[in-house]
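Heads up: the structure comes next, in structure tokens.
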Amino acid sequence: MTPHELFAERLLAVLSGRRPVHWMLNHSIGDGYQQLVELAPVAPFGTVGPRPVVRTCRAHPLRPGVVEASACVGTGEQVRAMAFRLEQGPDLRWRCAAVELDTSPARPTAS
């Protein structure tokens with residue numbers, strides 16, 4: 001599993017309420033953790049129905065040690081978008097530096 005795929009899964013676990021936000025403390029830097037602190041209480045991917053899953057995840061390297069990634073998160077027939085930035089530290093560990101979610105309500109996928 002690539003770093004961006006791993007982080008998509010980690011972020012989804014926090015944003016669906018399956019993991020507490022402090023679980024990402026050592027896996028985030030700067031604004032990334034604060035953004036999770038603000039998003040996590042409302043569990044934007046939490047649902048009563050089907051468990052949300054990462055359907056696709058793509059990485060867009062900006063320069064060595066910096067990647068912007070996007071993921072499609074599906075919950076049953078509904079799909080939402082998540083974007084995040086990863087930065088590799090001097091210790092070569094990747095950390096989440098920013099996270100954003102789509103602002104539109106979830107919508108069914110086209111059949």
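Here the structure is a predicted model, which means the values were calculated and not measured. Side chains are part of it too, since the values below use all heavy atoms of this structure and drop only hydrogens, waters and symmetry mates.
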Problem - Cluster link V79 to V73, ILVMFWY, side chain under 4.5 Å - result: no
Practice task
Find the distance between NE2 (H27) and CZ (F7) and round it off to the nearest 0.5 Å.
Solution key: 6.5 Å
Exercise for the section: Return the set of residues passing side-chain contact (heavy atoms from CB on, under 4.5 Å) with T56 (not counting sequence neighbours), or none when no residue passes. Expected result: C72
Handout entry: Check: V99 and L11 side chains under 4.5 Å, non-hydrogen atoms
Key = yes
Practice task
Tell me whether L25 is reachable from L36 by hopping between hydrophobic residues (I, L, V, M, F, W, Y) whose side-chain heavy atoms are closer than 4.5 Å.
Solution key: yes
Practice task
Compare every heavy atom of A43 with every heavy atom of G17, then report the nearest pair and how far apart it is.
Solution key: N-CB, 4.2 Å
Completion exercise
To the nearest 0.5 Å, atom CE of M24 lies from atom CD of Q35 at 11.5 Å
Fill in the blank from the handout: The side chain to side chain donor-acceptor pair (under 3.5 Å) partners of E87 (sequence neighbours excluded) come to R85
Exercise for the section: Could you list the residues that satisfy side-chain contact (heavy atoms from CB on, under 4.5 Å) with Q34, not counting sequence neighbours? Expected result: V37, E38
Problem - Over all atoms of both residues, closest heavy-atom pair of T75 and P50 - result: CG2-O, 3.1 Å
Exercise for the section: List the atom of P20, the atom of V14, and the distance in Å for their closest heavy-atom pair. Expected result: O-CG2, 3.8 Å
Practice task
Taking side chain to side chain donor-acceptor pair (under 3.5 Å) as the test, write out the residues that go with T2, two or more places apart.
Solution key: H4, E5
Exercise for the section: Write out all pairs satisfying side chain to side chain donor-acceptor pair (under 3.5 Å) with one or both partners inside residues 12-23, taking only residues at least two apart or from two chains. Expected result: none
Problem - Fellow cluster residues of L6, listed by chain then number, with links counted only when side-chain atoms sit under 4.5 Å apart - result: M1
Practice task
For A40 and V21, work out which heavy atoms get closest and say how close.
Solution key: CB-CB, 3.9 Å
Practice task
Please name all residues satisfying side-chain contact (heavy atoms from CB on, under 4.5 Å) with L101, sequence neighbours left out, ordered by chain then number.
Solution key: L15, L39, P44, F45, R80, M82
Completion exercise
What one should report as the nearest heavy-atom pair of V54 and A71 is CG1-CB, 4.3 Å
Problem - Stepwise side-chain contact (heavy atoms from CB on, under 4.5 Å) check, V67 with H60 - result: CA-CA 6 Å; V67 172; H60 312 280; 5.8 Å; no
Practice task
Give, for atom OG of S28 and atom CG of L86, the distance between the pair rounded to the nearest 0.5 Å.
Solution key: 11.0 Å
Problem - Transitive ILVMFWY cluster of V66, excluding itself - 4.5 Å side-chain cut-off - result: L62
Fill in the blank from the handout: Here the gap from Y33 atom OH to N26 atom CG, rounded to the nearest 0.5 Å, amounts to 9.5 Å
Problem - side-chain contact (heavy atoms from CB on, under 4.5 Å) involving D91 - partner list, sequence neighbours excluded - result: R93, R95
